[in-house]
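Reviewing the structure listed below.
In each ligand, atom 1 is the first atom listed, and ligand 1 is the first ligand listed. Please read all numbers here as calculations on a predicted model, not as lab measurements.
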Amino acid sequence: MDTGHLSLHVPEPAVRPGGQPDFSNVRIARAGAVPRPDIDAAAEDIRDLAYSIIRVLNRDGEAVGPWAGLLSDDDLRTGLRNMMMLRAFDARMLMAQRQGKTSFYMQHLGEEAVSCAFRKALRKGDMNFPTYRQAGLLIADEYPMVEMMNQIYSNENDPLRGRQLPIMYSSKEHGFFTISGNLATQYVQAVGWAMASAIKNDSRIAAAWIGDGSTAESDFHSALVFASTYRAPVVLNVVNNQWAISTFQGIARGGSGTFAARGLGFGIPALRVDGNDYLAVHAVACWAAERARRNLGPTLIEYVTYRAGAHSTSDDPSAYRPKTESEAWPLGDPVLRLKKHLILRDLWSEERHVQAEAEIMDEVIAAQREAEEHGTMHAGGRPSVRDIFEGVYAEMPPHLRRQRQTAGY
Ligand SMILES: Cc1ncc(C[n+]2csc(CCOP(=O)(O)OP(=O)(O)O)c2C)c(N)n1
Ligand SMILES: [Mg+2]
């Protein structure tokens, strides 16, 4: 009917501060219920997987179903340790920011499984194009924590010589492409890198990273066109942590139902996975990485998780969501869920957990001491002004050389 009064639909989160958190609309498949398709399945034959949630760990902590069984006992304990390390690292660096030792920090609370488990599906030489919330890729690959801290403090040992925002690490050696603050650029870069790898008949694959909110950027969509057309060897990761600073995921998702479903219009196989389930994340990541390696093309993965902390040290979530929303999140906490699984299988215990927590914190504090000997934001050593001019051009152009001389370096 023609009403003569047009209006826009603006999606709103179900609750705001002061309200009762309610996630009853988040439909969660039973652990083990979602099938594991053949690696060469066509996107249209596995459409359901873009609307369900692949889960391995059930409520009791058992690993069940067709996606279970890929990780050894040692792998699982390492996974738990990596996530605990990332959490401890975050806690110390948040405190360091409050103490004025760095200007800025971003934590991973509640999302540790995504980057830690994903890293284990990659091989040396593969390349991630991460955002600021995937430091688990570095931790799980044993990148030295002290280097991360040097970067956060922009001190004299900062591998990036003070030229990047704190937490925007870079390590070619560890398959961690320099973080770009301009979100969604990771997608076009990763797809381009993957295409280059295929053009060179190389064997290395790429992984693109994006948050729910940033999928609204056009870079996301144009990257999907190229990935789909040329069947680029890339894993397209969407971390749906429900929030994009203060904007809820419903804005960027729009009418598509799920973020995974965005892949279907491009003919890209798309899976949705419980992002707080270390085993499920790892299994789905391996499936997608294998597809890429076997030249079967891209896979889009949506990780359903929850940003339990503030967006960054410049954010206060109590202004836009109920304080208790995090506790009401139905997929639980990734560290506690893996811990429960290990205890159930007699591979771990409450005592060992407490002990490991203490050991890990000691390790983080030792790294922090070492980094602080080389300076923090306002004290001690810092990179030379000369470094501003280095590292951009293979050969410094004359105008930059002149500027450097004028600056006295
Ligand atoms: C192209 C671009 N636009 C805007 C911003 C500012 N910005 C920084 S973080 C952020 C929210 C991103 O949310 P999401 O993609 O969901 O990732 P999350 O922070 O939840 O991991 C925005 C809008 C940016 N960095 N880049
Ligand atoms: Mg988000």
May I ask you to identify the nearest protein heavy atom to [atom], giving residue, atom name and distance to one decimal place in Å?
atom                    : result
atom 21 (O) of ligand 1 : Arg133 NE, 3.1 Å
atom 15 (O) of ligand 1 : Ser214 OG, 2.6 Å
atom 22 (C) of ligand 1 : Ile245 CD1, 3.8 Å
atom 26 (N) of ligand 1 : Leu183 N, 3.2 Å

Measure centre to centre between the rings of Tyr132 and His311, then say whether the value is under 6.0 Å.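 Yes: the rings meet the under 6.0 Å criterion.
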
I'd like to know if the side chain of [X] pairs up with that of [Y] as donor and acceptor (distance under 3.5 Å, no hydrogens or angles considered).
X      : Y      : result
Asn150 : Asn155 : yes
Thr185 : Asn182 : no
Thr131 : Gln134 : yes
Tyr303 : Asn237 : yes
Asp74  : Ser72  : no
Glu111 : Asn241 : yes
Thr299 : Arg291 : yes
Tyr153 : Gln368 : yes

So does Asn241 have any N/O/S atom less than 2.8 Å away from the Mg ion (ligand 2)?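 Yes, since at least one N, O or S atom of Asn241 sits under 2.8 Å from the Mg ion (ligand 2).
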
Below 2.8 Å, can you find an N, O or S atom of Trp243 next to the Mg ion (ligand 2)?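 Yes.
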
Using a 4.0 Å heavy-atom cut-off, which part of Arg307 comes near ligand 1: side chain, backbone, both, or neither?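 Arg307 to ligand 1: no contact under 4.0 Å from either part.
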
Measuring from Arg87:CZ to Ile360:CD1, what's the distance to the nearest 0.5 Å?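 Here the interatomic distance stands at 11.0 Å.
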
Got a second to check how far Phe89's CZ is from His108's NE2, nearest 0.5 Å?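 The distance works out to 8.5 Å.
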
Is Val239 near ligand 1, meaning one of its heavy atoms is under 4.0 Å from it?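 No heavy atom of Val239 comes that close to ligand 1.
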
Contact between ligand 1 and Gly181 is defined here as a heavy atom of the residue under 4.0 Å from a ligand atom; is it met?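 True for this residue.
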
Nearest non-hydrogen contact with atom 3 (N) of ligand 1 belongs to which option: Met106, Glu111, Glu217?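 Answer by nearest heavy atom: Glu217.
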
Option nearest atom 12 (C) of ligand 1 (shortest heavy-atom distance, choices Phe259, Tyr132, Trp243, Trp209):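 Going through Phe259, Tyr132, Trp243, Trp209 one by one, Tyr132 has the nearest heavy atom to atom 12 (C) of ligand 1.
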
Any atoms of ligand 1 less than 4.0 Å from a non-hydrogen atom of [X]? List them with their elements.
X      : result
Asn241 : 18 (P), 20 (O), 21 (O)
Gly213 : 14 (P), 15 (O), 16 (O)
Gly211 : 14 (P), 15 (O), 16 (O), 17 (O)

Going by distance only, is there an N or O of Asn182 that falls short of 3.5 Å from an N or O of ligand 1?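 N/O-N/O distance under 3.5 Å: no.
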
Identify, by name, the N, O or S atom of Asp212 lying closest to the Mg ion (ligand 2).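 Output for this pair reads OD2.
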
State whether any protein heavy atom lies less than 4.0 Å from atom 6 (C) of ligand 1.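 Protein heavy atom within 4.0 Å of atom 6 (C) of ligand 1: absent.
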
Could any protein non-hydrogen atom be found less than 4.0 Å from atom 24 (C) of ligand 1?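 Under the 4.0 Å cut-off, atom 24 (C) of ligand 1 does have protein heavy-atom neighbours.
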
